[in-house]
Amino acid sequence: MGVPVLSSVADVLIRVTDQNDHSPLFFEPINNTAFNIDENLQPGVFVTRLFANDTDEGSNSQPIHFSIDDTINFQLTSNVIKTNVSFDFERRQSYVVHVMATDSGDPPRSSTISIVINVG
């Protein structure tokens with residue numbers, strides 16, 4: 001050490017950025033939830049509304065985008081699933097639709113659930 005001893009003080013700001021380490025989680029509907037729709041109705045019948053949450057912060061969590069694998073029989077607008085066709089119970093009694101929620105992180109993360117739609 002030198003004489004005289006010298007020292008200094010400085011304020012340092014450290015910013016911790018959020019990594020996209022969480023996938024969106026569905027909280028409604030939950031996996032394997034079943035919904036019932038009547039047969040012989042006009043297309044456009046409401047089936048369900050999708051909700052998911054992501055515990056990451058900022059752009060890693062919002063917005064969450066939804067997608068479905070059956071776009072012939074069902075339509076997805078924002079977070080609402082509706083029918084695309086009129087269903088006939090005698091031809092088919094149920095459908096399984098896989099729903100994916102994807103966050104806006106880099107790289108994006110996603111979760112998938114299956115919902116059952118019964119025709120009655």
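Note that the numbering runs from 1 along the sequence shown for the chain.
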Under a 4.5 Å side-chain heavy-atom rule over Ile, Leu, Val, Met, Phe, Trp and Tyr, are F89 and L41 clustered together? no
Mark yes when over 12 heavy atoms from residues, nucleotides or ligands other than E39 sit less than 6.0 Å from its CD; otherwise mark no. yes
Return the OG1 to CG distance between T71 and L76, rounded to the nearest 0.5 Å. 10.0 Å
Quick one, I64 with D54, criterion side chain to side chain contact (heavy atoms under 4.5 Å, CB included). Give me CA distance, side-chain angles, the key distance, then yes/no. CA-CA 8 Å; I64 294 174; D54 190 321; 4.1 Å; yes
Please check: side-chain N/O of S111 versus main-chain N/O of P24, any donor-acceptor pairing under 3.5 Å? yes
Is any side-chain heavy atom of V96 closer than 4.5 Å to one of I115? no
Could you check whether any side-chain N or O of N53 sits under 3.5 Å from a backbone N or O of L25, counting only pairs where one atom can act as donor and the other as acceptor? no
Under a 3.5 Å cutoff, is there a donor and acceptor pairing between the side chains of N20 and D106? no
Using a 6.0 Å cut-off, check whether atom CD of Q42 has over 12 heavy atoms from anything other than its own residue. no
Quick check on the hydrophobic clustering: are V45 and V99 connected, directly or via other members, by side-chain heavy-atom contacts under 4.5 Å? no
For residues M100 and I81: do they belong to one hydrophobic cluster (side chain heavy atoms under 4.5 Å, members Ile, Leu, Val, Met, Phe, Trp, Tyr)? no
Please identify each residue that fulfils side chain to side chain contact (heavy atoms under 4.5 Å, CB included) with N84, with sequence neighbours left out. Q75
What do you reckon, is CD of Q62 surrounded by more than 12 foreign heavy atoms closer than 6.0 Å? yes
First locate atom CG of N118, then atom CZ of F35, and finally report the distance between them rounded to the nearest 0.5 Å. 10.5 Å
So, does N79 use its side chain to make a donor-acceptor pair with the main chain of L50 at under 3.5 Å? yes
Shortest non-hydrogen separation from N31 to S114 and the atoms involved: OD1-N, 2.8 Å
Ignoring hydrogens and angles, state whether a donor on the side chain of D56 or H22 is under 3.5 Å from an acceptor on the partner side chain. yes
Check: S61 side chain, T55 main-chain N or O, donor-acceptor pair, under 3.5 Å: no
For T83 and G44, indicate whether the former's side chain and the latter's backbone hold a donor-acceptor pair under 3.5 Å. yes
Can you name the nearest heavy-atom pair linking P108 to D103, along with the distance? CA-OD1, 3.4 Å
Of all the heavy-atom pairs spanning S94 and V116, show the shortest one and how long it is. CB-CG1, 4.4 Å
My understanding is that a hydrophobic cluster links ILVMFWY residues whose side chain heavy atoms are under 4.5 Å apart, including indirect links. Using that, what else belongs to the cluster containing F46? V80
State yes or no: are the ring centers of F74 and F87 separated by less than 6.0 Å? yes
Of all heavy-atom pairs linking F26 and I113, the shortest is CD1-CG2, 3.5 Å
Kindly say whether S86 contributes a backbone atom to a donor-acceptor pair with the side chain of N40 at under 3.5 angstrom? no
How about N73 and V97: do any of their side-chain heavy atoms sit closer than 4.5 Å? no
Distance-minimising heavy-atom pair for F66 and S78: CD1-O, 4.0 Å
Non-hydrogen atoms of H98 and T112 that approach each other most closely: CB-CG2, 4.3 Å
